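This report refers to the structure that appears directly beneath it.
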2 protein chains.
Amino acid sequence: MAARHEEIAEELRRAIDREEYTVGSRLPTETDLAARYEVSRGTVRQAVAALTSEGLIGSRQGARRVVLASRRSQTFEELRSFAQWARAMGREATGHVVSSTYRPATPEDSVRLQLTAGTQVLHVLRVRGLDGEPVLLERTVYADWISPAVERVEPDCPSVTQRLYEDTGLVFAYGEHVIDAVAAGAQDADLLGIRRTSPLLRVRRVTTTREGRPVEWSDDRYRSDAVTFSVHNSIANNALARRAP
Amino acid sequence: MAARHEEIAEELRRAIDREEYTVGSRLPTETDLAARYEVSRGTVRQAVAALTSEGLIGSRQGARRVVLASRRSQTFEELRSFAQWARAMGREATGHVVSSTYRPATPEDSVRLQLTAGTQVLHVLRVRGLDGEPVLLERTVYADWISPAVERVEPDCPSVTQRLYEDTGLVFAYGEHVIDAVAAGAQDADLLGIRRTSPLLRVRRVTTTREGRPVEWSDDRYRSDAVTFSVHNSIANNALARRAP
DNA sequence: GAGGCCAACTTGTTCAGACAAGTTCCGCTG
DNA sequence: CAGCGGAACTTGTCTGAACAAGTTGGCCTC
């Protein structure tokens, strides 16, 4: 939060949040904002570009910017870390490791994690819950170079992300998520406390470091009555894609 | 495609696509690119910012940019329009209207479409398929001001989006999508040709014009064996959020 | 050979100015 | 009063420059 344009973006977010600019109303012009914050127009543009990509405001050449929404989307960190998300909602994240074993990387593992096939990778199955109620089943495969650090994390640690950061300085920076729906299998039903064949929201994701090196990939299954995902997009900025297998 | 920075972005995308820059390799420096395309560094930065937000490349201060992925995500238009998506995959979009009726707006309708409660809104139920195979059930509610134009569209029109653009100049510009999983109900199962209680991927979305005015909201249910969604994100740019109801 | 330090390199931030392109709204005309 | 035209306004594009901040790789030392 050093850069001036980030400070301005944050101030604008807060102003929208406390309805100083209401949904549907128009933001001040770039020139006005530049004068108010005593920066150049370019710096203001960087700030409003951030809000635009977050879907908070809309932008069209020639017309003043319009406030589209007030509640801001989550940060990458809140999405990445189950525990940080729970805390932001004022609920407690719980969780425990069901199993943790080393297996040779399958062809799929080696492609996703950019490893040579047969490397020993760590498979972890975790159940995670909100205030004790299980809502998520995480089947995660960790790359060989991070596996030892993952093993050192105690089984009921609420935030693995936090722990890995403290221990190794690891920062997750990029993610790719594939979302679909599956029927609960026998193990899923048992661990989540639901009936078999109940619909589950499945998110398969790969997370990489800032250098673009894959750290983990995971098959996460959410109880669909407990969790949904939301995505914002626009002509100028689209992160969402529909795919046929 | 007039702006120079968009042309450069497109050239870089194509270069990545044909593996001139391979995944994991480094992009030329901003100064190099500026010289090559004979533009200023600022213009190059606009171009690479687009690729960064698309998740194609990663960026860190001080280090050269890294190519993270080769396949590019869809444009907003391809996501918005089922027909355009199908065409981009080389498949044929089919579809027909099952029912189309006017009803007074419920409180939920009026909130999502920013209308006064009780306004007559158009409910349309469509089945859509790829090469004749049904994959999607669309339950859409249109705002009153666009309903007449929607009614004029013939029931088996493959691209409603295209049609509305031609007839009224309407452009969809922003979207908010909430994704979860549901079990197929009796009507869902019947129209999609699947068993009852099969898991379906549900996407509830609101689409708005460039002015930020809501046009439609829809409950879309996809056969989970036929369609998935993918989302890309990063620390710098996150459009995805996890929510508890 | 291992490790640390430094110089060169690269991206991030910010400025000021100029013109292009699209929107809005007022006032005029029929 | 409806519709049109145009002036004023606002965002988009692009340049060139300067400095800050972070990364990389090679050289030097121990």
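In what follows, every chain begins at residue 1, and chains take the letters A, B, ... in the order their sequences are listed. All values reported here derive from a predicted model rather than from experimental measurement.
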Walk me through whether A:Ser147 and A:Asp144 qualify under side chain to side chain donor-acceptor pair (under 3.5 Å). CA-CA 5 Å; A:Ser147 297; A:Asp144 57 344; over 6 Å; no
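The ring pair (Phe, Tyr, Trp, His ring centres under 6.0 Å) pairs that include a residue from residues 141-174 of chain B number zero, where partners must be two or more places apart or lie in different chains. Residue pairs that meet the ring pair (Phe, Tyr, Trp, His ring centres under 6.0 Å) test with at least one member in residues 58-83 of chain A, sequence neighbours left out, are A:Phe82-A:Trp85. The list of salt bridge (charged side-chain N to carboxylate O under 4.0 Å, His left out) pairs with a residue in residues 75-87 of chain A, not counting sequence neighbours, reads A:Arg80-A:Glu216.
No side-chain N or O of B:Thr208 forms a donor-acceptor pair with one of B:Arg213 less than 3.5 Å apart.
Scored by the salt bridge (Lys or Arg N to Asp or Glu O under 4.0 Å) test, A:Glu19 finds no partners at all (sequence neighbours excluded). Residues satisfying the side-chain contact (heavy atoms from CB on, under 4.5 Å) criterion with A:Ser53, sequence neighbours excluded, are A:Asn237, B:Asn237. Contacts of B:Asp167 classified as salt bridge (Lys or Arg N to Asp or Glu O under 4.0 Å), with partners at least two apart in sequence or in another chain: B:Arg163. Looking at residues two or more places apart in sequence or on another chain, you find a salt bridge (Lys or Arg N to Asp or Glu O under 4.0 Å) between B:Arg91 and B:Asp131. Every residue meeting the salt bridge (Lys or Arg N to Asp or Glu O under 4.0 Å) condition with B:Arg60, not counting sequence neighbours, appears here in chain and number order: A:Glu211.
The 5' end of DNA chain D is approached more closely, in terms of each residue's nearest nucleotide, by A:Thr29 than by the other of B:Ser40 and A:Thr29. In this structure, A:His5 and B:Arg210 both approach DNA chain C, and ranking their closest nucleotides by distance from the 5' end singles out A:His5.
Across all strands shown, A:Arg4 has heavy atoms under 4.0 Å from sugar-phosphate atoms exclusively, and none from any base. Within the 4.0 angstrom heavy-atom criterion, only backbone atoms of the sugar-phosphate kind lie near B:Gln46; the bases stay farther away.
Residues from residues 54-68 of chain B lying near DNA chain D, meaning a heavy-atom separation below 4.0 Å, are B:Arg60, B:Gln61, B:Gly62, B:Ala63 in numerical order.
To the nearest angstrom, C1' of C:dT11 lies 15 Å from CD of A:Glu211.
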Just distance, no hydrogens or angles: give the donor-acceptor pairs under 3.5 Å from side chains in residues 113-121 of chain A, sequence neighbours left out.
from	atom 1	to	atom 2	distance (Å)
A:Thr116	OG1	A:Thr119	OG1	3.2
A:Thr119	OG1	A:Thr116	O	2.6

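Protein chain B contacts DNA chain D over a range whose 5' and 3' limits, counting nucleotides with an atom under 4.0 angstrom from a non-hydrogen atom, are D:dT13 to D:dG25.
Judged by atom type and distance alone, B:Arg41 reaches the base of C:dG12 through a side-chain donor-acceptor pair under 3.5 Å.
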Distances under 3.5 Å between nitrogen or oxygen atoms of protein and nucleotides 4-7 of chain C:
none

